[in-house]
Visitor: 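Just dropping this structure here.
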Amino acid sequence: MKHSDPPEKENTNNSSDTNFIRQAIEEDLKANRYDGRVHTRFPPEPSGYLHIGHAKAICISFGIAEDFGGLYNLRFDDSNPLTEESEYVEGIKRDVRWLGFDWKAREYHASDYFETLCEYAVKLIEKGKAYVCDLTPEEMRSYRGTLVEAGKDSPYRDRSIEESLTLFRGMRDGEFPDGSRTLRAKIDMSSPNLNMRDPVMYRILRAHHYRQGDDWCIYPTYDFTHGQSDSIEGVTHSLCDVQFEDHRPLYDWFLEELEIYQPRQIEFARLNLTYTVLGKRKLKVLVEEGHVSGWDDPRLPTLSGMRRRGYTPEAIRDFCNRIGVSKADNLIEMGQLEYSIRDDLNRRAPRVMAVLNPVKVIIDNYPEGQVEMLDAENNPEDENAGTRQIPFSREIYIEREDFMEDPPRKFFRLAPGREVRLKHAYYIQCERVVKDENGEIVEIHCTYDPETRGGWSEDGRRVRGTLHWVSDEHALDAEVRLYDSLFTEREPESTADGADWMQFLNPNSLEILSDCKVEPSLVEATPENRYQFLRMGYFCLDPDTSSEKLVFNRTVPLRDSWAKIQRGQK
RNA sequence: AGGGCGGUGGCCAAGCGGUAAGGCACAGGUCUUUGGAACCUGCAUGCGUAGGUUCGAAUCCUACCCGCCCUGCCA
C-alpha cells in the first residue's frame, strides 16, 4: 500500500482532518515507519449491539484508513464465550455495512487465533515469562495489592518452567476444574500499573463458544488476545478508547517478549451524549428489563434504534466528523446530533402533508362533492424532486394547534375572522366554530377565495400564516410515534447527588398519536423513505406498519421558533 | 495515597513561541407559499490557578488546583 496524498477533505466544517491521530500517522508515514502502510481495525466484542459511540470509533478507524488509502479490518474480539453470540456478530456487521463501510474480505475473529495464542503462551512459559498459578480468585485479589500498595508474588511464581509447561498442557487437556488454575505473565507485582502485576493470560472455563464450539476449555483473556490479534493482522495503528492507555505497556510487553510485529496504539476519548446512556451494559439493562421495546427501540442510541427512528448513515457520519477527536472528556449535546440529521434530511426528504392532531375544517362556499387535484412541489431544496398532485375538497383537516379562538399577538395562524393560506391550495377565512357539549371544537367553518388557487393572490394581499392540511375524504389514517429523550437528566450517570441513572428514565419518552391523517401519496411509503411532514418534522415509516395501519416515527422535529416565542411569553 | 491521561466560550474543537480558527447552541436582523431552510450580524482583552523564562506565552519552565480511568480468571 503506497501512501502519497494527504487526506482529502470531505467536509470543511470539521476538525477531523487535523486531529492528533491523523497528525501522528502523517509523522509515521514521513518516517516510513510501517513501509508507508496505514492499516486500522475496529474490534468489537459480539456481546451487544453497536451504538453511536461505536459509530464514532468506526468513523475514526475506518475513516482514517480510507482517507490515507489504507486498509481496515472488522475483527470480533471474541475471547469470552459466556457473553458472545452469533446474533450479535450479524447485528454488528449489518450496522457497520449500513454506516457505509466495506471491510471487504477482512473479517476476522480473535477466536481464530486461539491456537496461535496457545503457542505464544507456551513460548512465554519456556522463556520463563509466564507461569501456572494455583491461587483462587480471592487469593489472587489479595496478592494483587492495592492502588497504593505493591502486590505480593504468588507462591507459584517460581514454579519450574517444566512444571508450568506440564500444568498448562493439563489445563488445555481438561485435567483441572474450572477456575482452579490460571496462566499468568511473570512481570512485576510491585508495578504501579496494576495491569503489569502478573496479569492472567488463560483461565479454565468449560463453556460453549459460539464459533469454536466445545474445542476449548481454556480461554485467553482479552489482554492476552487483543494486542497479538492486531499484530497478527499487521495492523499499523490500533486506535482505541483512552481506557486502554494503561494496557498499552502490557500489550507492548507481550509483543516484545514474543518478538513479533508491534503496531502503534493511539487512544482517544469515547463519546458521551446528553440525556442518554451509552454503556453497553446499561443499554442491555434497558432492553432486558423491558424499559424499551428492544435493541432497535427508536429511543435508544443504538445504530439499529437510530436507523429505525429514521437517522441516515450520512447524518451519523457527518455528526462524527463534526464532533472531532481528542483525549479530553466530552459530553456532546443532543442538539449536535439533531443538527446533522436535520441538515441531511432537509436536503433530501420529500415534503408531504400530515395532520397529527386533526380538527375538521369545512369550507362552506366550496362546492359539495367537488375534488380538485393541486400541484405540490416535493422539495423546495431540490429542483429535481419534481411535483405531485394532492386532492383538495370541501372538508379537510388541519392541526388543532393551528387554530385559536382567542389568539395572542404574533399568532399567525387561523382564528375567527383571520385569513390564512392552505399550503398549495387556497386562502381561507374562519367564519365560525362548532363545539360539542364539552366545549371542544369539532368543526371550523371557513370560506375560501377561489381566486387564490395555488396559494397566491393577484391583488398582492399578504397572508402571514401557511397551514398544512389533508382532505378528509382522501386522507389515510395513521399512527405517529413521537419521541423525547430517554432520560430527563442531562447526565443521568453523574448527577450532583449521585443518584441511580435508572430513576431518570423519562416517563414521556414515547407519545403515541393514533388518530393522525396523512396525505394519500403515503400509501407508497417504505421504511427506507424519510419524509418531512410539512411544518412538523422528519418522519419515516415504522416496520410495525400493517395493512390496517400505517405507523410513522418522528425522527426529529423541525426547529420551532414559534414554540420559542411561546416559551418566552410565559 | 500510587500510576496513567486530561483541563481553550453554554457544548465540542483548532492552535505546536508571533499576539485566540471553525462548528453546535444562543441573541438580533434579512428573506420566505414550511414560524422550516437560506443569508447577514453579534457572541473568550481570554486559554484550570499562581509564579517564572522571553521583545513576545494557550504554546516553554516550576508549583499547586480540579476532573476522568485503573485493584474481573469481563472486554
Side-chain angles (χ1 to χ4, degrees), chain A residues 11-16 18-19 23 43-45 47 77-80 82-84 133 135-137 140-142 144-151 178-184 191-197 199-205 218-219 221-223 225-226 241-249 267 269 274 280-281 321-340 342-343 346-347 351 353 377 380-381 410-413 421-425 427 454-456 463-468 532-537 557-565:
Chain A
N11 182 341
T12 53
N13 285 335
N14 69 68
S15 55
S16 299
T18 57
N19 73 53
Q23 287 178 19
E45 186 199 19
S47 62
D77 268 345
D78 51 0
S79 54
N80 180 7
L82 266 17
T83 56
E84 297 151 6
C133 180
L135 254 26
T136 64
M140 200 180 291
R141 195 178 314 125
S142 81
R144 186 158 33 232
T146 69
L147 293 179
V148 288
E149 300 160 27
D178 284 8
S180 60
R181 294 178 215 268
T182 56
L183 179 69
R184 295 225 262 164
S191 172
N193 181 348
L194 297 257
N195 295 120
M196 302 299 270
R197 319 245 262 226
V200 171
M201 297 160 58
Y202 268 94
R203 44 194 145 139
I204 304 173
L205 181 61
I218 57 170
Y219 288 93
T221 57
Y222 173 83
D223 278 339
T225 305
H226 183 79
D241 195 306
V242 287
Q243 74 172 119
F244 295 108
E245 217 151 2
D246 287 346
H247 296 242
R248 189 175 51 200
E267 308 84 6
T274 57
K280 186 155 72 178
R281 291 166 188 77
N321 282 332
R322 283 172 185 279
I323 58 176
V325 182
S326 77
K327 297 185 72 163
D329 290 336
N330 62 80
L331 210 217
I332 309 292
E333 291 176 342
M334 212 35 113
Q336 189 79 236
L337 225 198
E338 293 178 345
Y339 175 85
S340 288
R342 286 193 187 109
D343 187 50
N346 175 51
R347 272 173 292 184
R351 272 61 170 170
M353 295 200 284
E377 77 187 327
E381 303 292 319
K410 288 189 178 173
F411 181 83
F412 305 142
R413 307 179 186 182
R421 169 169 40 239
L422 292 177
K423 180 77 177 176
H424 305 307
Y427 292 176
W456 198 250
V463 172
R464 252 341 261 278
T466 301
L467 310 188
H468 59 278
Q532 185 193 108
F533 286 4
L534 222 62
R535 304 205 302 137
M536 301 307 287
L558 252 30
R559 289 187 68 221
D560 186 353
S561 52
W562 168 238
K564 203 171 291 177
I565 291 168

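The basis for the numbers below is simple: all heavy atoms, side chains too, and nothing from hydrogens, waters or symmetry mates. Residue numbering restarts at 1 for every chain, and letters A, B, ... go by the order of the sequence lines. Note that this is a predicted model, so its numbers are computed, not measured.
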Visitor: Counting distance alone, no hydrogens or angles: does the base of B:G35 have a donor or acceptor under 3.5 Å from a partner atom on the side chain of A:Arg413?
Guide: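 Counting by modelled atom types and ignoring angles, a donor-acceptor contact under 3.5 Å is found here.
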Visitor: Mind checking what makes salt bridge (Lys or Arg N to Asp or Glu O under 4.0 Å) contact with A:Asp77, not counting sequence neighbours?
Guide: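 With sequence neighbours excluded, A:Asp77 shows a salt bridge (Lys or Arg N to Asp or Glu O under 4.0 Å) to A:Arg75, given in chain and number order.
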Visitor: Flag the pair A:Arg203 / A:Asn80 as yes when at least one side-chain heavy-atom distance between them is below 4.5 Å, and no otherwise.
Guide: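 Answer yes - side chains close enough.
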Visitor: Does A:Arg144 make a side-chain N or O approach to OP1 or OP2 of B:G72 shorter than 4.0 Å?
Guide: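 A:Arg144 to B:G72 OP1/OP2: side-chain N or O found under 4.0 Å.
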Visitor: Taking only the side-chain nitrogens and oxygens of A:Arg141, find out if one of them lies under 4.0 Å from OP1 or OP2 of B:G72.
Guide: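 Yes, such a contact exists.
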Visitor: Rounding to an integer number of angstrom, what distance separates B:G15 and B:A58 when you compare their C1' atoms?
Guide: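 Each nucleotide's C1' atom is 8 Å from the other's.
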Visitor: Taking atom C1' in both B:G48 and B:C43, compute the distance separating them and give it to the nearest angstrom.
Guide: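 It comes out at 22 Å once rounded to the nearest Å.
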Visitor: Is A:Asn193 reaching over with its side chain to a backbone N or O of A:Asp246, donor-acceptor style, under 3.5 angstrom?
Guide: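 The answer is yes, because a donor-acceptor pair under 3.5 Å joins these two groups.
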Visitor: Measure CZ/A:Phe244 against P/B:C74 and give the value in whole Å, please.
Guide: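 Roughly 14 Å, once rounded to whole Å.
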Visitor: What closest approach, in Å, do A:Pro557 and A:Arg342 show between heavy atoms, and which atom pair accounts for it?
Guide: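 It is O-NE, 2.8 Å.
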Visitor: Taking all atoms of both residues into account, what is the closest heavy-atom pair of A:Met201 and A:Arg184, and its distance?
Guide: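 Heavy atoms only, the tightest pair is SD-C, 3.7 Å.
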Visitor: Check if the side chain of A:Gln23 and the base of B:C16 share a donor-acceptor pair of N or O atoms closer than 3.5 Å.
Guide: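 Counting by modelled atom types and ignoring angles, a donor-acceptor contact under 3.5 Å is found here.
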Visitor: Take atom P in B:U8 and the same atom in B:A50, then report the distance between them in whole Å.
Guide: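 That atom pair is separated by 16 Å.
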Visitor: When only distance counts, do a donor and an acceptor, one from the side chain of A:Gln532 and one from the base of B:G36, lie under 3.5 Å apart?
Guide: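 No pair found.
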Visitor: I want to verify a distance call: between B:U71, B:C74, B:G35, whose nearest atom is closest to the A:Arg203 side chain?
Guide: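 For the A:Arg203 side chain, the nearest candidate turns out to be B:C74.
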Visitor: Enumerate all atom pairs, one protein N or O and one N or O from nucleotides 3-9 of chain B, separated by less than 3.5 Å.
Guide:
unit_1: B:G3; atom_1: N2; unit_2: A:Asp246; atom_2: OD2; d: 3.0

Visitor: When the distance from OH of A:Tyr222 to C1' of B:C70 is rounded to whole Å, what number comes out?
Guide: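 Distance check: A:Tyr222 OH to B:C70 C1' gives 15 Å.
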Visitor: Kindly give the heavy-atom pair with the smallest separation between A:Ala269 and A:Ala328, and that separation in Å.
Guide: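 For A:Ala269 and A:Ala328, the tightest heavy-atom pair comes out as CB-O, 3.2 Å.
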Visitor: Assess whether side-chain contact (heavy atoms from CB on, under 4.5 Å) is satisfied between A:Trp562 and A:Arg413, documenting all intermediate values.
Guide: CA-CA 11 Å; A:Trp562 168 238; A:Arg413 307 179 186 182; 2.8 Å; yes
Visitor: Reckon A:His424 touches a base, only the sugar-phosphate, or nothing at all at heavy-atom distances under 4.0 Å?
Guide: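 Base, at least one base atom sits under 4.0 Å.
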Visitor: For a quick check, tell me whether the side chain of A:Arg351 and the base of B:U34 share a donor-acceptor pair closer than 3.5 Å.
Guide: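 Between B:U34 and A:Arg351, which were checked side chain against base, a qualifying N/O pair under 3.5 Å is present.
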Visitor: Quick one: which of B:C26, B:U71, B:G15 gets closest to the side chain of A:Arg559?
Guide: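 The listed nucleotide nearest to A:Arg559's side chain is B:C26.
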Visitor: Determine the minimum heavy-atom distance between A:Asp223 and A:His247, stating which atoms define it.
Guide: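 The answer is OD1-ND1, 2.8 Å.
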Visitor: Write out the stems for RNA chain B, ordered by first number and formatted as range with range, counting runs of at least 3 consecutive Watson-Crick or G-U wobble pairs under 3.5 Å.
Guide: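 Only these stems qualify: B:2-7 with B:65-70, B:10-12 with B:22-24, B:26-30 with B:38-42, B:48-52 with B:60-64.
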Visitor: Closest approach of A:Thr146 and A:Arg197, non-hydrogen atoms and distance?
Guide: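 Between these two residues, the closest heavy atoms are O-NH2, 2.7 Å.
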Visitor: Tell me what A:Pro380 touches on the nucleic acid: a base, only sugar-phosphate, or nothing, going by heavy atoms under 4.0 Å.
Guide: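 Result for A:Pro380 = base.
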Visitor: Among B:U71, B:U34, B:A75, find the nucleotide with the atom closest to the side chain of A:Leu194.
Guide: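 Among B:U71, B:U34, B:A75, the one nearest the side chain of A:Leu194 is B:U71.
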Visitor: Among the nucleotides B:C12, B:G2, B:C73, which one has an atom lying closest to any side-chain atom of A:Val200?
Guide: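 Of the candidates, B:C73 comes closest.
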Visitor: So A:Ser79, base contact, sugar-phosphate only, or nothing? Heavy-atom distance under 4.0 Å.
Guide: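 Counting heavy atoms under 4.0 Å across all strands, the contact made by A:Ser79 is with sugar-phosphate only.
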Visitor: To the nearest Å, how far apart are A:Asn346 CG and B:U32 C1'?
Guide: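 The answer, rounded to whole Å, is 14 Å.
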Visitor: For nucleotides B:G67 and B:U32, find the distance between their C1' atoms and express it as a whole number of Å.
Guide: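 Straight-line distance between the two C1' atoms is 47 Å.
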Visitor: Closest nucleotide of RNA chain B for A:Gly145 versus for A:Leu205: which of these residues is on the 5' side?
Guide: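 That would be A:Gly145.
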Visitor: Using side-chain heavy atoms (C-beta onward) and a distance below 4.5 Å, is A:Glu381 in contact with A:Arg351?
Guide: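 The answer is yes; the side chains approach within 4.5 Å.
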Visitor: Tell me what A:Leu534 touches on the nucleic acid: a base, only sugar-phosphate, or nothing, going by heavy atoms under 4.0 Å.
Guide: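 Base contact - A:Leu534 has a heavy atom under 4.0 Å of at least one base atom.
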Visitor: Would you say the side chain of A:His226 lies within less than 4.5 Å of the side chain of A:Phe244, judging by non-hydrogen atoms?
Guide: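 Side-chain contact under 4.5 Å: no.
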Visitor: Whole-Å distance between B:U34 P and A:Glu377 CD?
Guide: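 After rounding, the reported distance stands at 9 Å.
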Visitor: Tell me which nucleotide among B:A1, B:U34, B:A75 gets nearest to the side chain of A:Arg535.
Guide: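 Nearest listed nucleotide: B:U34.
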Visitor: Syn or anti for B:G23, taking syn as within 90° of 0?
Guide: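 Anti for B:G23; the angle lies over 90° from 0.
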Visitor: Any base atoms under 4.0 Å from A:Met140, or only sugar-phosphate, or nothing? Heavy atoms, all strands.
Guide: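 The answer is base, as A:Met140 lies within the cut-off (heavy atoms under 4.0 Å) of a base atom.
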Visitor: Are the side chains of A:Ser180 and A:Ile204 in contact, using a 4.5 Å heavy-atom criterion?
Guide: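 Touching, per the 4.5 Å side-chain cut-off.
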Visitor: So what does A:Tyr339 hit on the nucleic acid, given a heavy-atom distance under 4.0 Å: a base, only sugar-phosphate, or nothing?
Guide: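 The answer is sugar-phosphate, as A:Tyr339 gets under 4.0 Å only of primed atoms, P, OP1 or OP2.
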Visitor: With nearest nucleotide decided by heavy atoms, which residue, A:Gly465 or A:Asp343, maps closer to the 5′ end of RNA chain B?
Guide: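 The residue whose closest nucleotide sits nearer the 5' end is A:Gly465.
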Visitor: Do the side chain of A:Thr274 and the main chain of A:Met334 share a donor and acceptor less than 3.5 angstrom apart?
Guide: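 Side chain of A:Thr274 to backbone of A:Met334: a pair is present.
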Visitor: From the set B:G2, B:A75, B:G10, return the single nucleotide nearest to any side-chain atom of A:Leu147.
Guide: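 For the A:Leu147 side chain, the nearest candidate turns out to be B:G2.
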Visitor: Side chain of A:Glu84, heavy atoms from C-beta onward: which of B:A75, B:A14, B:C24 has the nearest atom to it?
Guide: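 Given the options B:A75, B:A14, B:C24, the side chain of A:Glu84 is closest to B:A75.
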Visitor: Just call it for A:His247: base, sugar-phosphate, or nothing, with non-hydrogen atoms closer than 4.0 Å on any strand.
Guide: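 Base contact.
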Visitor: Mind checking A:Glu381 for me? I need base, sugar-phosphate or nothing, with any heavy atom below 4.0 Å counting as a touch.
Guide: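 Counting heavy atoms under 4.0 Å across all strands, the contact made by A:Glu381 includes a base.
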Visitor: A:Asp241 CG to B:C69 P: how many Å, rounded?
Guide: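 Atom CG in A:Asp241 sits about 11 Å away from atom P in B:C69.
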Visitor: From the options B:G36, B:U32, B:A75, select the nucleotide whose nearest atom is closest to the side chain of A:Arg464.
Guide: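 Nearest nucleotide to the side chain: B:U32.
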Visitor: Just wondering, do A:Arg535 and A:Thr466 contact through their side chains at under 4.5 Å, heavy atoms?
Guide: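 Side chain of A:Thr466 against side chain of A:Arg535, heavy atoms only: no contact under 4.5 Å found.
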Visitor: Return the value, rounded to whole Å, for the distance between atom CZ of A:Phe533 and atom P of B:U34.
Guide: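 Interatomic distance, CZ of A:Phe533 to P of B:U34: 19 Å.
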Visitor: Taking donor-acceptor contacts at under 3.5 Å, does the side chain of A:Arg322 reach the base of B:C11?
Guide: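 Absent.
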Visitor: If you look at every strand shown and take non-hydrogen atoms under 4.0 Å, does A:Lys564 touch a base, only sugar-phosphate, or nothing?
Guide: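 Sugar-phosphate: the residue A:Lys564, judged by heavy atoms under 4.0 Å, touches backbone atoms but no base.
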Visitor: At 4.0 Å (heavy atoms only), tell me whether A:Thr146 reaches a base, stays on the sugar-phosphate, or touches nothing.
Guide: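 Here A:Thr146 touches the bases of the nucleic acid.
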Visitor: Would you mind telling me which of B:U34, B:C11, B:C74 lies closest to the side-chain atoms of A:Glu333?
Guide: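 The listed nucleotide nearest to A:Glu333's side chain is B:C11.
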Visitor: Regarding A:Thr466, tell me which of base, sugar-phosphate or nothing describes its non-hydrogen contacts under 4.0 Å with the strands shown.
Guide: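 Sugar-phosphate contact only.
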Visitor: Please determine whether a side-chain nitrogen or oxygen atom of A:Ser326 lies at a distance below 4.0 Å from atom OP1 or OP2 of B:C12.
Guide: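 Result: no.
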